[in-house]
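Taking it in order: structure first as C-alpha cells, then the write-up.
Side chains included, hydrogens not; waters and symmetry mates left out as well; all remaining heavy atoms used. Since the structure is predicted, the reported quantities are computational estimates derived from the model, not experimental observations.
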Amino acid sequence: LESFLNSSWYDAYGCSPVYHIKSRPGYEQVLQQALHRKQAEGNLQVYAKHSMPSRLHYRNHRRIHDFVVVAQEGWSLHASQQDAEAQRHHRGQHGYDNLVGAMRPLFVATGPSFKRAYRHGNAFTNVDLYPLMLQLLGIKADTYYHEGNLTYVASMLRSK
C-alpha cells in the first residue's frame, strides 16, 4: 500500500490479500483516485463500501470501511515493504474473490441423510451450507438469520 498511497491519507486494516481502507477526513477523493489508478494496473480490485457486490455478503456490516482492496489471484497485498518481507515465505492464501477457481472448496459429506456415490455438479457458496446444517439438525431455516439458500444443495440429500 505504501508504494502507491500516502500513509497520511488513510488507516488500513487486514492482511494479504484483503485490506480495509478507512479514509482520513479530507482525503476521500485523493485516496479513491489513487486506489482506482492502481486498480487499472490489473493486480487488485477496489470496492467502495457502497458498491461491494451483494454476492460477497459484505456490504452492510459496521466493520466495513470506505474501501475494500482485494489482490487478484496470485498476488499479495501488504501495508508496507517491511510487512511484505516478513510474509515472503508464506506459500498460500485465502480471502481472494470467491469466484476465483482456486478459492473453490472441496465439500465431502457422508451419513444417513446424504445420497451415496453422489456427485453434486452445481457450484454453491459456503453460505448455502448453513441452511443445509439447519435441515440436518431438524431446525427450521427461518429460525436464525442467514443468507444461504438450501435449494442449491438440497439435491445431495436423500429423499425421506
Side-chain angles (χ1 to χ4, degrees), residues 1-109 120-135 141-154 156:
L1 296 175
E2 73 179 5
S3 70
F4 61 93
L5 297 176
N6 183 320
S7 63
S8 66
W9 300 346
Y10 67 94
D11 293 301
Y13 307 93
C15 59
S16 190
V18 180
Y19 273 89
H20 296 256
I21 307 292
K22 182 178 181 182
S23 177
R24 291 187 181 158
Y27 293 102
E28 296 84 0
Q29 286 296 97
V30 68
L31 180 62
Q32 182 175 13
Q33 291 169 354
L35 286 168
H36 287 291
R37 272 194 306 276
K38 188 63 176 175
Q39 177 178 269
E41 293 177 16
N43 55 8
L44 58 84
Q45 179 68 45
V46 176
Y47 298 105
K49 178 179 180 170
H50 64 278
S51 66
M52 289 286 297
S54 60
R55 68 180 173 78
L56 297 176
H57 306 281
Y58 212 54
R59 157 187 325 177
N60 298 319
H61 197 278
R62 63 183 167 78
R63 291 186 178 148
I64 305 304
H65 293 295
D66 303 319
F67 300 97
V68 176
V69 181
V70 182
Q72 296 291 337
E73 180 181 17
W75 288 87
S76 294
L77 184 63
H78 301 284
S80 66
Q81 184 63 37
Q82 181 180 356
D83 183 33
E85 286 297 320
Q87 302 295 319
R88 77 173 189 263
H89 295 296
H90 289 202
R91 297 291 185 231
Q93 289 290 4
H94 68 279
Y96 294 103
D97 188 316
N98 64 1
L99 292 182
V100 172
M103 295 294 100
R104 298 281 311 275
L106 172 65
F107 180 72
V108 178
H120 192 72
N122 300 320
F124 60 90
T125 60
N126 283 345
V127 296
D128 298 325
L129 295 176
Y130 190 84
L132 176 65
M133 298 304 149
L134 292 175
Q135 173 86 13
D142 60 356
T143 303
Y144 300 101
Y145 173 78
H146 62 87
E147 295 184 8
N149 190 330
L150 183 62
T151 60
Y152 297 130
V153 294
M156 64 180 70

Mind checking whether [X] and [Y] have side chains closer than 4.5 Å, heavy atoms only?
{"X": "V68", "Y": "K49", "value": "no"}
{"X": "Y47", "Y": "V70", "value": "yes"}
{"X": "V46", "Y": "H36", "value": "yes"}

So which atom in A71 and which in L77 form the shortest heavy-atom distance, rounded to 0.1 Å?
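Heavy atoms only, the tightest pair is CB-CB, 4.1 Å.
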For K22 and H65, which heavy atoms make the closest approach, and how far apart are they?
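Heavy-atom minimum between the residues: CD-ND1, 3.7 Å.
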Quick one: CD on Q39 to CD on Q45, what's the gap to the nearest 0.5 Å?
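Here the interatomic distance stands at 4.5 Å.
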Measure the spacing between CG of L132 and CZ of F107 and express it to the nearest 0.5 Å.
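Answer rounded to 0.5 Å: 5.5 Å.
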Show your reasoning for whether side chain to side chain contact (heavy atoms under 4.5 Å, CB included) applies to T125 and E147.
CA-CA 10 Å; T125 60; E147 295 184 8; over 6 Å; no
More than 12 foreign heavy atoms under 6.0 Å from CZ of F124: is that the case here?
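More than 12 within 6.0 Å, yes.
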Determine whether more than 12 heavy atoms belonging to other residues, nucleotides or ligands lie under 6.0 Å from atom CD of Q33.
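More than 12 within 6.0 Å, yes.
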In terms of the angle between their ring planes, are W9 and Y27 parallel, tilted or perpendicular, with boundaries placed at 30° and 60°?
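Parallel, since the angle between the ring planes stays under 30°.
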Strictly by salt bridge (Lys or Arg N to Asp or Glu O under 4.0 Å), give each pair with a member in residues 28-40 just once, sequence neighbours left out.
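Listed once each, the pairs are K38-E41.
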